[in-house]
Amino acid sequence: MANPLLDLLQLADSAFPSGGYAHSMGLETLYIWGGDLDLEAHLRFVLSNSMARLELPVVREAYLSEDLAELDALMNTLLPVAEQRTASRSVGRSFLRAAARIRPLDTPAEHHAVVFGAVLNTWGLELDDGLDVYAFQAVRQQLSAAQRLGKIGQSTMHDLLDRLKPAVSAAVAESWTVARDQIGGFAPLLDLAGMAHAHQDGRLFQS
């Protein structure tokens with residue numbers, strides 16, 4: 001049987017068709033609003049806010065909890081923008097289908113963070129490793145989106161990914177300090193970008 005960590009890395013690859021490839025999570029609209037967006041500063045904010053305060057704690061709770069349906073319902077509340085909720089469920093469903101093709105898996109969850117935590121648990125992977133992979137693939141997905149939008153090249157993408165590794169580790173460490181009843185991020189600009197995305201005259205991504 002293959003190493004489950006290698007299977008996870010396969011699924012978490014931003015080029016793998018598990019759903020994330022079709023989403024920019026508001027990044028496309030931010031570029032439309034201002035082409036001089038500081039991508040590195042934006043990703044550091046995402047890591048310290050959306051990742052550390054929301055998604056990573058949910059991954060952790062999904063790993064430790066048996067009530068995944070309750071966590072899925074919580075994600076509906078924690079993601080106030082319809083586009084964000086739709087993207088999270090779409091990526092989660094695609095990730096679950098891809099994971100089930102490798103190892104049988106059944107879960108009532110749909111949101112990506114919840115499904116990811118459930119996969120980590122079912123596959124017997126270490127939670128710390130899984131949190132690192134989740135945060136790292138989120139950054140890589142955003143950089144891939146920026147590259148496809150023509151904002152950065154391949155070399156810049158890899159330079160940024162390398163510089164952001166300490167911020168990824170810091171986000172994972174901070175996520176451990178967020179109790180379940182404290183989970184939630186605050187990113188109004190990203191919320192506005194998510195709501196505006198569907199109304200752009202032309203767009204490459206679904207969100």
Side-chain angles (χ1 to χ4, degrees), residues 5 8-9 11-16 18-21 23-31 33-63 75 78-79 81 84 87-88 91-92 95 111-114 116-117 120 125-149 151-180 182-194 205 207:
L5 180 58
L8 181 67
L9 292 174
L11 298 183
D13 191 323
S14 61
F16 190 78
S18 59
Y21 191 83
H23 298 275
S24 78
M25 306 304 179
L27 183 64
E28 183 175 18
T29 296
L30 291 178
Y31 271 123
W33 285 352
D36 58 347
L37 174 72
D38 186 333
L39 181 59
E40 182 172 353
H42 168 71
L43 291 175
R44 290 185 183 279
F45 173 78
V46 169
L47 282 167
S48 65
N49 190 288
S50 302
M51 282 293 119
R53 307 294 306 176
L54 199 164
E55 293 189 52
L56 291 174
V58 169
V59 173
R60 180 197 70 218
E61 291 299 308
Y63 183 93
M75 281 296 286
L78 295 173
L79 297 175
V81 176
Q84 294 173 343
S88 176
V91 174
F95 188 88
H111 283 286
H112 185 212
V114 183
F116 199 95
L120 293 178
L125 290 162
E126 293 292 332
L127 179 54
D128 277 327
D129 290 338
L131 293 173
D132 283 336
V133 170
Y134 188 92
F136 189 75
Q137 62 87 26
V139 172
R140 187 169 54 183
Q141 184 270 339
Q142 288 276 277
L143 290 172
S144 175
Q147 182 186 27
R148 283 178 284 144
L149 287 166
K151 300 301 181 179
I152 59 173
Q154 186 77 14
S155 296
T156 299
M157 176 179 175
H158 282 282
D159 289 344
L160 282 172
L161 195 59
D162 187 56
R163 288 206 300 272
L164 287 166
K165 288 174 184 175
V168 168
S169 297
V172 171
E174 184 181 351
S175 74
W176 280 103
T177 71
V178 180
R180 182 166 177 149
Q182 297 174 327
I183 295 175
F186 182 70
L189 184 61
L190 287 179
D191 290 344
L192 290 172
F205 295 93
S207 70

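Residue numbers count from 1 along this sequence.
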Please name the pair of heavy atoms, one in [X] and one in [Y], separated by the smallest distance, quoted to 0.1 Å.
X: Val59; Y: Leu120; answer: CG1-CD1, 3.9 Å
X: Phe136; Y: Val168; answer: N-CG1, 4.0 Å
X: Leu54; Y: Gly185; answer: CD1-N, 3.8 Å
X: Gln182; Y: Thr177; answer: OE1-O, 3.8 Å
X: Leu78; Y: Ile183; answer: CD2-O, 3.4 Å
X: Ala52; Y: Val178; answer: O-CG2, 3.7 Å

Self-check item: Verdict with supporting geometry, Val58 and Phe116, side-chain contact (heavy atoms from CB on, under 4.5 Å)
Solution: CA-CA 9 Å; Val58 169; Phe116 199 95; over 6 Å; no
Quiz item: Would Leu127 and Trp176 count as a side-chain contact (heavy atoms from CB on, under 4.5 Å) if you check the C-alpha gap in whole Å, the side-chain angles of each, and the deciding distance to 0.1 Å?
Solution: CA-CA 11 Å; Leu127 179 54; Trp176 280 103; 3.4 Å; yes
Atom pair [atom1] ([X]) and [atom2] ([Y]), whose distance is rounded to the nearest 0.5 Å:
X: Glu61; Y: Met75; atom1: CD; atom2: CE; value: 12.5 Å
X: Gln154; Y: Asp159; atom1: CD; atom2: CG; value: 10.5 Å
X: Arg44; Y: Asn49; atom1: CZ; atom2: CG; value: 15.0 Å
X: Arg163; Y: Leu160; atom1: CZ; atom2: CG; value: 4.5 Å
X: Leu8; Y: Asp129; atom1: CG; atom2: CG; value: 9.0 Å
X: Leu43; Y: Ser50; atom1: CG; atom2: OG; value: 11.0 Å

Quiz item: Using the ring of each side chain (for Trp, its six-membered ring), is His112 parallel, tilted or perpendicular to Tyr134, with breaks at 30° and 60°?
Solution: tilted
Quiz item: Is Arg60 reaching over with its side chain to a backbone N or O of Leu131, donor-acceptor style, under 3.5 angstrom?
Solution: no
Exercise. Any chance you could lay out the side-chain contact (heavy atoms from CB on, under 4.5 Å) test for Thr156 and Leu143, step after step, and finish with the verdict?
Key: CA-CA 9 Å; Thr156 299; Leu143 290 172; over 6 Å; no
Practice problem: Evaluate the side-chain contact (heavy atoms from CB on, under 4.5 Å) criterion for residues Ser175 and Met51: first the C-alpha distance (whole Å), next the side-chain angles of each, then the deciding distance (0.1 Å), finally the verdict. | Solution: CA-CA 8 Å; Ser175 74; Met51 282 293 119; over 6 Å; no
Exercise. Mind checking salt bridge (charged side-chain N to carboxylate O under 4.0 Å, His left out) for Glu174 and listing every partner two or more places apart, or none if nothing turns up?
Key: Arg53
